[in-house]
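Read through the structure below, which is laid out as structure tokens, and then see the notes.
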Amino acid sequence: MKNSHHLPGLLALATALVSLTGCNPPGKSPAASTGKAGDATSAAARTYVAPGEKDEFYLFYSGGHSGQVFVAGIPSMRHITTIPVFGKYPGTGYGYDEETKKMLGDYTWGDVHHPGLSKTNGLYDGRWLFVNDNANNRIARIDLRDFKTRQILGPIPNSMGNHGSSFVTTNSEYVLVATRFSVPLPKGRYADPADYAKEFNGSVTGIKIDPKSGTMSVGWQILTPPLDWDLGSTGKGPSEGWAFWTSYNTEMAHDQLEANSTQKDRDLAAVVNWRAAEAAVKDGKVTMMDGVPVIDPAKVPGVLYYLPVPKSPHGIDTDPSGRWIAASGKLAPVVSVFDFTKIQAAIEKKDFESDFRGVPVIRHDSVIEGEVPVGLGPLHTQYDGLGNAYTSLFIESVVTKWKMPPWTAEERADLNKVVLDKIPVHYSIGHLVIGGSDTTKPYGKYLVAMNKLSKGRHLSVGPSQPEDSELIDISGKKMETVYETFTEPEPHFAQILKADAIKPIEVYPKAENTDPDAVWSAPETGVVRHGNVVEVKMLAIRSHFTPDKIELNEGDELVIHITNVEQSPDMIHGLGIVEQDVNLVIDPGETKTVRIKMKKPGVFPFYCTNFCSALHQEMQGYLAVKPLVAAK
Ligand code: K7E
Ligand code: CUA
């Protein structure tokens, strides 16, 4: 972003902002939220992206139960596109053509929680974005070449409640997944929930990624006790080949979890050696369950260990060096920092405090580096790559910045000394994200706080109030809130990618179109009848469809293959068929197919839905459907 030459206009804007905030009730302006006067001018300058200029980063944020991924720019925080994943989206025709209908299957929604960017050598490589579906145990791959969902895998066998994902390994070997819920496995088996501890299981799944195509497949699984796995992260550096998840139900309660799963002072995190899991599969130390090789960690030592963490934890985040792992318990006011080199030593020395169902529990006191008193309700931690960590505090509604180890003797004696700064957010914050926090080289610079229960932060739109995100500048010693915006429901985690890390395509090159039903010129188009099936090869170009009249009989099945033959950027055509629930959007160079049954006679106009030219309105045609002659 280069906007220095826009400074005069900018100053005027900033001045206007300052005078505006003067009229706001206290606590509403960015200046007030950081407790410093005069910040609005500089905050406006830092987030203003002038007309014609572009943002520096992409923000990909989860759409929760909207089933979608939203894309915004940073620092403007403008929402620039929606990537539909697990639900229909008329705006892009997603879920209306045969290919995406098939991908969505029988489900009409998903619950997207944690987007994960693909990596090469521990850095984002800008190829794919993986997202999980907590509701229907699926995982999807979005191609960043065209920002489209290209694969949905699942429901994953032996996996129930795909919440603890999508955690991408250093070279995108796997997306790792852990179950939030446990059920009798394989799925479809019945057991009384009262027999939860005995009959129910969770699992960790290695979703294998094809390094060339990105195609996902279920690689292997580790069967676990029914512990309600929560958030996780993958290792790097010294912890390369490992992954970590917290869990919140060591009690193995099956009802009234609010009370029954919060009895013990500590819960167990999973420390998974996924390289060892891979080797176990190779050596055949598995049993097949529902078509998947499944490892029993009690029988295959070295695949799984447990680590005691503060009660009812949520996040567990590996730092950019891969040595430090921060786990936070929602019900303990601290972040526990573990040293992976000590974890490795403890495993080697068999320094275990007990075992849990045949799997060793690493001695907590041997591997803990310290408990940082960050405040109330810590959830997730992110890193700036400069030795600082940032933890979201749901209960306290703040972000706490703290210093990572190594700590001085003085700091160790009183870890309050490593708590460097706190900034209020509005209000109860869930996730927070710093670009590249899960890579070896975070971008730092900005932090986005994704808040919940943000009542009153935006113009009232009725009972369902807009959720809230705040952009926090973390480049200085003190954090500064520089922008606040609404967030589409329902945000969980996000990923930030440098804008120049990718170069999305603008048209699908004609040479790449391998659809056998594509047509590129009027003579190739046509209507062919085989019995009751009428197959149309149609072409769309400014500003007409060829053919633009299709004769049909009531009861026919109509198949339309439509190619947008344009090769100019942004020249999109749509195909809407009136009263037939058909809504295709065809990008330049793309071919799409739809099948419909002509259930009623009459004449049904079709038209282009995307404003493509001065004669866009004229881009139309007819399905002429003759009635069946009543059989007497
Ligand atoms: Cu990652 Cu919202 Cu699913 Cu935490 S979760 S807040
Ligand atoms: Cu094509 Cu409007």
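Note that ligands are numbered from 1 as they come in the structure, with each ligand's atoms numbered from 1 the same way.
- Every atom of ligand 1 is numbered from 1 in the order shown, and the set under 4.0 Å from a heavy atom of Gly430 is 6 (S).
- The atom name of the N/O/S atom in His573 closest to atom 1 (Cu) of ligand 2 is ND1.
- You'll find the ring centres of Trp324 and Phe340 outside the 6.0 Å limit.
- Between Lys401 and Asp421, none of the side-chain N atoms (NZ, or NE/NH1/NH2) sits under 4.0 Å from a carboxylate O, so this pair counts as no salt bridge.
- Annotation: Asp570, atom CG; neighbour count of heavy atoms from other residues, nucleotides and ligands within 6.0 Å does not exceed 12.
- For the residue pair Asp267 and Thr250, a side-chain donor N or O sits within less than 3.5 Å of a side-chain acceptor on the partner.
- Protein heavy atom at the shortest distance from atom 2 (Cu) of ligand 1 is His492 ND1, 2.2 Å.
- At a threshold of 2.8 Å, atom 1 (Cu) of ligand 2 has no backbone or side-chain N, O or S atom of Ser543 nearer than that distance.
- Considering each of His114, Lys330, His163, the one bringing a non-hydrogen atom nearest atom 3 (Cu) of ligand 1 is His163.
- Neither the backbone nor the side chain of Asn134 comes within contact range of ligand 1; no heavy atom lies under 4.0 Å.
- Checked against the 6.0 Å centroid criterion, the rings of His114 and His431 qualify as a close aromatic pair.
- When distances to atom 2 (Cu) of ligand 2 are checked against a cut-off of 2.8 Å, Cys612 contributes an N, O or S atom below that limit.
- Seen from atom 4 (Cu) of ligand 1, atom NE2 on His314 and atom NE2 on His380 lie at an angle near 90° (rounded to 10 degrees).
- Aromatic pair Tyr383/Tyr390: centroids not less than 6.0 angstrom apart.
- His616 contributes atom ND1 as its closest N/O/S atom to atom 2 (Cu) of ligand 2.
- Within the coordination shell of atom 1 (Cu) of ligand 2, defined by N, O or S atoms under 2.8 Å, Cys608 is present.
- Taking the six-membered ring where the residue is Trp, the centroids of Phe545 and Tyr622 are separated by 6.0 Å or more.
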